[in-house]
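Both ligands and their constituent atoms are indexed starting at 1 by order of listing.
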Amino acid sequence: MSLIITPLAAVIGAEIEGIDIVSGVDDKALARIRSALIEYQVVFFRDQKLSLDGLEEFSARLGPLLRVPYVEPVDGHQNVIAVLKEADEAQISIFGGEWHSDFSYLESPPSLTVLYAEDVPDGRGDTLWTNMYAAYEGLSDGFRRKLDRMRAMHSGHIYGAKRPRPTRLKTSQSMKIRRGNPEADEERSHPVVRVHPESGRRALFINPIYTTRFEGMGENESSPLLDTLYAEATRPEYTCRFEWRDGSVAVWDNRCTMHIAINDYDGFRRLLYRTTVGAERPVGLHENE
Ligand code: SIN
């Protein structure tokens, strides 16, 4: 089976054609997907008709599956969550509706995420990704040297409630979110600049949902610098935008990207299924000094 890989934007994202996930991904195709992920950080497949078993099987080929904090899994599929907003849920905030890297507050956050579109509206509810290598590399040498030595605190506790202030307070009731998970609520420190174990490149590893402050600093002291970094990291030229269709699949690398779901589809149902893969403690540059 020959694969065609087409970049979607200047520095992030590619569509892969020529793989039928349902009929199984052989070792050669898997190696191509992995190398495309290293090169493009997020890859997309169209026209896949996946069952939840099929989604889990494909995800497990990429690495060990991770149970998700806070969100109840789908019945009978412990490693799958439904990302759902019903058509009659209007004027509410959505899951993943601010820039983030998945569950960055865990001691070992997921390396990859797989998202499969089951029932999505035409031309709405797109998702954006941004390249956190590019965000780091675009900064001045002096700024990068400072950031290389800094650490930031992350917590799941504040999700949707603090930074940034939610524009819409109610969250979709279709998402089965359960609060009060001690492991996820704890504030944890990670390097601000993370070295990717496969590419060896440096990426910013902070995000507006889960990063509370820099280690050793207060929230108010941290905010101006964090906001500067978020503005840099979300420059349009570092991003790609994906328009979902039923049967689309995205796989992204949380170690070097952030993503955001666009909340522009009130009146339409949007259902995707999601798995998270791998668990890896973020490693900084000066870890062993
Ligand atoms: C997420 O995983 O953050 C949700 C992304 C989306 O719904 O597009």
Ring centre gap for Phe242 and Phe44 strictly below 6.0 Å
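Yes, the ring of Phe242 comes within the 6.0 Å limit of the ring of Phe44, centre to centre.
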
Could an N or O of ligand 1 be found under 3.5 Å from any N or O of Trp252, whether backbone or side chain?
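In fact, backbone or side chain, Trp252 has no N or O that close.
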
Atoms of ligand 1, numbered as shown, that sit under 4.0 Å from any heavy atom of [X]:
| X | answer |
| --- | --- |
| His259 | 1 (C), 2 (O), 3 (O) |
| Val83 | 7 (O) |
| Gly96 | 3 (O) |
| His100 | 3 (O) |

Nearest 0.5 angstrom please: Ile206 CD1 to His154 NE2, how far?
8.0 Å

Of the protein's non-hydrogen atoms, which lies at the shortest distance from [atom], and what is that distance?
| atom | value |
| --- | --- |
| atom 2 (O) of ligand 1 | Arg274 NH1, 2.5 Å |
| atom 5 (C) of ligand 1 | Leu115 CD2, 3.8 Å |
| atom 7 (O) of ligand 1 | Arg270 NH1, 2.9 Å |

Could you work out, for atom 8 (O) of ligand 1, the closest of Leu128, Thr127, Val120, Leu272 by heavy-atom distance?
Thr127

For Tyr136, give me all partners under ring-ring contact (aromatic ring centres under 6.0 Å, His included), at least two apart in sequence or on another chain.
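Residues passing ring-ring contact (aromatic ring centres under 6.0 Å, His included) with Tyr136: none at all.
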
Taking only residues two or more places apart in sequence, or in another chain, which ones meet Trp252 in a ring-ring contact (aromatic ring centres under 6.0 Å, His included)?
Trp129, His259

Please determine, by modelled atom types, if His77 and Asn79 share a side-chain donor-acceptor pair under 3.5 angstrom.
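No, no side-chain donor-acceptor pair sits under 3.5 Å.
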
Do NZ/NE/NH1/NH2 and the carboxylate oxygens of Lys85 and Asp266 come within less than 4.0 Å?
yes

Sub-4.5 Å side-chain heavy-atom contact between Leu272 and Val120
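Counting from C-beta outward, Leu272 and Val120 do come under 4.5 Å.
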
